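Data first, discussion second: the structure below is written as structure tokens.
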Amino acid sequence: MSGLPPYASPVQRSWYYGFRIICALIFFFLIFPIIVIIPLSFNSLPFFTFTKEMLAFDPAGYSLKNYEDFFTNSDWNNAVYNSFRIAPVATLLATGFGTLAAIGLSQSHVPFRGTIMAILISPMIVPLIISAAGMYFFYSRIGLQGTYWGVVLSHAALGTPFVIITVTATLVSFDKSLTRAAANLGADPVRTFFKVQMPLIMPGVVSGALFAFITSFDEVVVVLFVGSSGQKTLPWQMFTGLREQISPTILSVATLMVAFSIVLLTTLELLRRRSERLRGLSPG
Amino acid sequence: MTDIAASETGTTSEVLTTRDGVPLKRSLARALRREKMRALMLIAPLLLFILLAFVAPIADMLFRSVENNIVQNTLPNTVVALRDWNPNSGEIPGEPVFEALAGDLKIAVSQKTHTRLGSRLNYEQPGIASMFRKSGRKVKNLEEPPYREQFIEIHEGWGTVENWATIKQFSSKYTDGYFLSAIDRERTEQGIAEKPEKEQIYLFLFGRTFFLSVTITISCILLGYPIAFLLANLPLRSSNLLMIMVLLPFWTSLLVRTSAWKVLLQQQGVINDFLVWTGLVTDAGRLVMINNQTGTIIAMTHILLPFMILPLYSVMKTISPTYVRAAKSLGANDWTAFWKVYFPNTIPGIGAGSILCFILSIGFYITPELVGGTSGIFISNRIAYHISSSLNWGLGAALGVILLAIVMLFYWMYDKIVGIDNVKLG
């Protein structure tokens, strides 16, 4: 694959290039929808396609109108505010509980490990609509439906599986003799945890937290059912916008969110490298 | 240590002890127990939290799908009086039942619960809601007993055996009625039978959800396999770069990707404009690619593709290139070497990716709702409809339980094949 041998037959040669073209097309399919909305969001006319002016790179075809609308419209501003009010708290809860549980699960003797793991991972597997329906029924019974804390708790529950998976993955390669060495040198368990274990598993914890954050930040089904108009988040606002009258402002929001996910992706990649370096693996 | 050494030299009947004289076995057991307790203490907060915030709601949904105490709560005395009545007798119940009904209905009207009961029973017997509403308005005008004729005068529905049979049938505390509705069945005098053809929608919807999910999974395999193959076989530097093109969609908000497709696939959208420009389609013949199954399949394949590529890639990465080289040196041509040696090694990856894609796709709600129109919607959309619009919560819950059972079956398969501990992210 990593190069065509000089003795390749014409069939092999055409297959080699044909395969690359197929792959290029699939990559195009993957990335094109995300890239294309970026220029479209600068359209000066309320259309969802490229106008003649845009294709001719005429400055008159471009404008920041959609962005202006996003930053001045109170609906969108409220939605951003709500998203940033809910996601960090949900992330904090999910990361705190999740990290503790992952440390517990990675001990060598855990009774009912399989069952516990299955229960803790289940929020990731159960279809969102079912979680949303169940939470709607149950949270209305206990008076949490339509409240800020109802949304935060449900999002925290949805985010924990990601924290458990990432932290457990980091703990698998954690050298247990380090904690034993710390204990041997007289450190109590709490000190050992914060001074030895925590710094080493930190990359896993942070990437788990990022997953939990993005889960909450991107979640719409559960918040639609559990939340009320006071907890209208950014995805909810986008969902209503897409379902009712689709306005070009959506494109500017989408572009900003793509930029946001690029930042997250970069952070995660840097963390992964750091984690590999800490573990003594060669950087990828 | 010296004790143990001493006991080792002693007779075998002597029990090994630790320094403080506790038998070694017991001491080890205690240490193990303490370790287990510590592990459980660390897990307990999250387990408790998940049980309360997540498992309890699911259990509540299970309960709602069979719960049925509305008739008993609204018309308690009528239910008792109806016990002796046999719907197969062909006659409507006698005066005692109507007397109980008059009493119950007066209380229900004062608490305004009779319309709720009416709309609940209307799911089973269309028309019964108006009977309850009308009777509720007039119940205060009832004169002295006998009530039977007066009720029939208010609404002739009280004189039909079917309505009474429905009330009696749903007067028990639990019902399988929602589940029967969810699989297009109903209870008739002859037992459980299929609903009239034009009312059968749920089995069809389950079938369509299944069919579309399989189609999406297969498209993901077809598109994901070459990409994973390329990534696994390129030098690390270039494959890392290309990996970004897989991870960027994976990390981009679901709604962003759905709105991108909504914009692209429109009749006045970028793809149609491009096709018209190239002359492949005429301006009048613009393709309809949205608000139908095509839209759902395209958008969901795009959304789920990374979930196929990542497990496939991680499996392909572990396949040693020497296998294929060995096959070739033994005389296999490129195709045989791939098909007989490389491909069988990638089956676990295909299995893992397929189940993952299928599980995710079968419960999808957002994308079908936005780009699926009416022909591309999934069973999830129907569940959401019953919970937020038609307010038939029991039926919504029953459909949800069936969907959950299907997903759990596949989850169990996934756990058996891949192991839930081996799920990798990013």
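The sequence lines fix the lettering, A, B, ..., with proteins before strands; numbering per chain opens at 1. Keep in mind that what you see is a predicted model, and the values were worked out from it rather than measured.
Proximity to chain B (any heavy atom under 4.5 Å) is shown, for A/T168, by neither the backbone nor the side chain. Looking at A/S106, neither its backbone nor its side chain comes within 4.5 Å of chain B, counting heavy atoms on both sides. With a threshold of 4.5 angstrom between heavy atoms, A/F29 approaches chain B through its backbone and through its side chain. Residue A/F217: no heavy atom, backbone or side chain, is found under 4.5 Å from chain B. Looking at A/L144, neither its backbone nor its side chain comes within 4.5 Å of chain B, counting heavy atoms on both sides. Contact of A/F112 with chain B is not made at all, since no heavy-atom distance falls under 4.5 Å. Neither the backbone nor the side chain of A/L93 comes within contact range of chain B, judged by heavy atoms closer than 4.5 Å. The contact between A/A156 and chain B is made by backbone and side chain atoms together, counting heavy-atom distances below 4.5 Å. The parts of A/S122 that come within reach of chain B are both its backbone and its side chain, each placing non-hydrogen atoms under 4.5 angstrom from that chain. Heavy atoms closer than 4.5 Å to chain B are found in the side chain of A/Y139, but not in its backbone. Both the backbone and the side chain of A/L242 come within contact range of chain B, judged by heavy atoms closer than 4.5 Å.
Residues A/F19 and B/F229 place their aromatic rings such that the two centres sit under 6.0 Å apart.
Options B/L305, B/V246, B/I359 differ in how many heavy-atom pairs under 4.5 Å they form with chain A, and the most are formed by B/L305. Of the listed residues (B/T252, B/V371, B/L360, B/I58), the greatest number of heavy-atom pairs within a distance under 4.5 Å of chain A belongs to B/T252. Chosen from A/I22, A/L224, A/T160, the residue pairing most often with chain B at heavy-atom distances under 4.5 Å is A/T160. Put simply, of A/S261, A/P123, A/C23, A/P235, the one with the most heavy-atom pairs under 4.5 Å next to chain B is A/P123. Considering only heavy-atom pairs separated by less than 4.5 Å from chain B, the leading option among A/T255, A/T99, A/I142, A/I119 is A/I119.
When each of A/I164, A/L100, A/L120 is checked for a side-chain contact (heavy atoms from CB on, under 4.5 Å) with B/I43, only A/L120 meets the rule.
Taking CE from A/M257 and CH2 from B/W251, the interatomic distance works out to 13.0 Å, rounded to the nearest 0.5 Å.
Looking only at distances, no side-chain donor or acceptor of B/D334 sits under 3.5 Å from a matching main-chain atom of A/Q12.
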ask   = Can A/F137 and B/I387 be said to form a side-chain contact (heavy atoms from CB on, under 4.5 Å), step by step?
value = CA-CA 9 Å; A/F137 294 145; B/I387 289 164; 4.1 Å; yes
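Taking the six-membered ring where the residue is Trp, A/F239 and B/Y365 present tilted rings, their angle falling between 30° and 60°.
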